[in-house]
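Down below is the structure, laid out as structure tokens.
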Amino acid sequence: MNTIRHETADTYGDSRSGARHGKRPAACTRTFGCQQNEADTERLRGQLSAMGYALTDKPGDADLMLLNTCAVREHAESRAWGHIGELSHWKAARPGRVLVLCGCMAALPENAEKAKRSYPHVDILVEPRNIDRFPDILRSFLRGAKHGRYTDIPQAPDYASGGYDAPRRGAPPRAWMPVISGCDNYCSYCIVPHTRGRERSLPMGGIAAEIAALIEKGYKDFTLLGQNVNSYRDPDGGGGFPELLRRVCENEGDYLVRFMTSHPKDCSPALIEAMAGLKPVAPHLHLPVQSGSDRVLDAMNRGYTAARYLSLLDSARAAMPSLTVTSDIMVGFPGETDGDFEDTLSLTARARFDMLFTFIYSPRAGTPAAQMPDLPREVKQRRFERLLELQNGISHEKHAALEGTVQRVLADGYEPGNDLPLTARTPGGRLARLDGGPEWVGRFARAEITSHTTWNLFGKIIGEG
């Protein structure tokens, strides 16, 4: 794997580096949005560490603040702008501090103009496609280059080959593993192809080797990430996503492999067969449907029908009876009628998702849907509440059916002082709060489920898993 050679931050030697009186400068990061952003932040933290920065979780201690942002939905973007505004006081409190805006927000020209006009304390904007060049961008800035949106920085010759230092991951047992970046689908409401570019897959051998190394370090729950993992194609050998699952599952050890997001139009029988036949693959399928109306799905450019989607679920559940299914639904897409929304309710009732991520449509500038007449906010809100009520009832019923059962879980956190201090997750991705000690963190266990809510299971550890 190629790596970028970095000078340490101390090399710069001037006040802008934040290296005060010989101390290492400190960097703090904040992430908004999806798991892909979480993984990108881990890469950026690895780069900062390699450059000589000490990493801190306290903005007050930081000489550099990096915000990794999301532009997929209006709410996430508004939260990020609010946080950026608050950081003007942080920037003014100490000369030489550096504020970096990364992520999908930084990729949009209108946001670059907004930052220049209304948030002049932002020093550097780095879009996702230039993350591999971030050390060079930061180095240029610290040496006196004009700040701004660094679109003139050339991309790495082969983005997918790596070209960055090892990510600074969180503690075991969970690890995010990007396998493909970008998207070629161009759904009419989605900004991702415009901010992350076309699809680029990482080499299969490198992914499998990295997972093997992480297993040795105690990681046991891996999530393979991509805007559409089904489109994965090994740049070295041409194998697809089912082959990637088989390759990573060749590693020795007791671990779980998850993936998201899977696109229905590319969800193949080969993928279902691989999931069902590979022991490490978690029995969880996140398959965003977005709408139950064929007319709306066509306007969204999704590439499948409601009937095709339900047929996929039937096939997956037949192959994996214990499968957990989660999905995304967008309410209030432009032109959505009452009849279209009733179709969405019907599909939700038929699909009986274990959990549903529901969103109210918000226009994203630069997408075809943004040119369509938007629905009144009150109409979208009313439909959203009806969908939420339906799905919450289904989720509650599914959790109620698990009371009195024993579930295999992987404990991933401990919160002292809580009545049920241990946090854990079933192979299907259900969240559980359990009575157990910190020694269980990072271990598989058997848990007796004694109660539930719509979103959580509760119980106690009764033995090794």
Side-chain angles (χ1 to χ4, degrees), residues 221-224 226 228-232 240-246 249 256-294 297 302-330 343-358 387-388 390-410 425-432 449 452 454-457:
D221 193 328
F222 302 95
T223 302
L224 310 182
N228 179 13
V229 294
N230 297 349
S231 293
Y232 175 86
F241 190 64
E243 287 75 23
L244 175 63
L245 287 179
R246 292 189 178 92
C249 288
L256 291 168
V257 176
R258 309 179 190 277
F259 58 88
M260 64 187 316
T261 295
S262 190
H263 198 296
K265 76 177 180 64
D266 301 317
C267 187
S268 65
L271 174 57
I272 294 173
E273 180 183 357
M275 289 182 66
L278 296 169
K279 182 180 177 181
V281 175
H284 174 206
L285 180 62
H286 183 70
L287 197 64
V289 64
Q290 302 300 356
S291 175
S293 162
D294 288 347
L297 289 171
R302 292 292 289 173
Y304 54 86
T305 64
R308 166 63 178 157
Y309 181 89
L310 291 171
S311 176
L312 282 172
L313 290 195
D314 290 343
S315 296
R317 283 170 167 155
M320 297 167 280
S322 63
L323 185 69
T324 296
V325 179
T326 57
S327 189
D328 298 348
I329 286 183
M330 180 182 296
D343 287 343
T344 295
L345 292 179
S346 296
L347 182 141
T348 303
R350 163 76 165 75
R352 290 188 62 79
F353 300 112
D354 292 88
M355 186 168 64
L356 188 60
F357 298 90
T358 53
L387 178 61
L388 206 62
L390 172 61
Q391 179 56 46
N392 284 349
I394 296 170
S395 297
H396 196 274
E397 289 176 17
K398 292 206 166 199
H399 276 181
L402 296 176
E403 278 197 27
T405 67
V406 174
Q407 298 290 317
R408 189 178 198 236
V409 299
L410 176 61
R425 189 180 297 267
T426 69
R430 301 180 190 276
L431 300 176
I449 306 304
H452 74 283
T454 301
W455 301 279
N456 284 284
L457 300 173

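- Nearest approach of Leu256 to Pro427, heavy atoms of both residues: CD1-CA, 4.1 Å.
- With contacts defined as side-chain heavy-atom distances shorter than 4.5 Å, the pair Glu273/Pro242 does not qualify.
- Remark: the backbone N or O of Leu287 is paired with a side-chain donor or acceptor of Tyr309 at under 3.5 angstrom.
- Leu402 contributes atom CG, which lies 8.0 Å from atom OG1 of Thr426 (distance to the nearest 0.5 angstrom).
- Using a 4.5 Å heavy-atom threshold, the side chains of His284 and Arg425 count as separate.
- Remark: side-chain polar atoms of Thr326 are not paired, donor with acceptor, to backbone N or O of Leu356 under 3.5 angstrom.
- Contacts of Glu397 classified as salt bridge (charged side-chain N to carboxylate O under 4.0 Å, His left out), with partners at least two apart in sequence or in another chain: Arg352.
- A donor-acceptor contact closer than 3.5 angstrom links the side chains of His286 and Asp328.
- Residues Asn228 and Ser231 come closest through the heavy atom pair ND2-OG, 2.7 Å.
- With rounding to the nearest 0.5 Å, the separation of CG in Leu245 from CE in Met275 is 8.0 Å.
- Minimum interatomic distance between Ser395 and Met355 (heavy atoms only, all atoms of both residues): OG-CA, 4.0 Å.
- Contact of the Trp455 side chain with the Leu431 side chain is not registered, since no non-hydrogen atoms from C-beta on lie closer than 4.5 Å.
- Asp294 pairs by the side chain to side chain donor-acceptor pair (under 3.5 Å) definition with nothing, not counting sequence neighbours.
- Partners of Ser315 according to the side chain to side chain donor-acceptor pair (under 3.5 Å) rule, which considers only residues two or more places apart in sequence or in another chain, do not exist here.
- Residues Met330 and Pro288 have side chains not in contact (no heavy-atom distance under 4.5 Å, counting atoms from C-beta outward).
- How far SG of Cys267 is from CG of Leu312: 5.0 Å, rounded to the nearest 0.5 Å.
- Side chain of Gln391 to main chain of Thr348: no donor-acceptor pair is present (N/O by atom type, distance under 3.5 Å, no hydrogens or angles).
- At distances below 3.5 Å, at least one donor-acceptor pair connects side-chain atoms of Asn230 with backbone N or O atoms of His263.
- Here Ile329 contributes atom CD1 and Thr358 contributes atom OG1; the two are 8.0 Å apart, rounded to the nearest 0.5 Å.
- Note that CG of Asn392 and OG1 of Thr454 are 5.0 Å apart. Values are rounded to the nearest 0.5 Å.
- Between Leu285 and Ala316, the shortest heavy-atom contact is CD2-CB, 4.2 Å.
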Could you go through the salt bridge (Lys or Arg N to Asp or Glu O under 4.0 Å) check for Asp343 and Arg350 one step at a time? CA-CA 10 Å; Asp343 287 343; Arg350 163 76 165 75; over 6 Å; no

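- Contact of the Phe353 side chain with the Leu313 side chain is registered, since non-hydrogen atoms from C-beta on lie closer than 4.5 Å.
- For the residue pair Gly292 and Thr344, the shortest heavy atom distance occurs at N-OG1, 2.9 Å.
- Between Arg317 atom CZ and Thr324 atom OG1 the span is 9.0 Å, to the nearest 0.5 Å.
- Side-chain contact between Leu224 and Phe241 is present, with heavy atoms from C-beta onward closer than 4.5 Å.
- Tyr304 contributes no side-chain N or O that, together with a main-chain N or O of Leu297, makes up a donor-acceptor pair within less than 3.5 Å.
- Side-chain contact between Met320 and Ile272 is present, with heavy atoms from C-beta onward closer than 4.5 Å.
- A heavy-atom distance below 4.5 Å is found between the side chains of His452 and His396.
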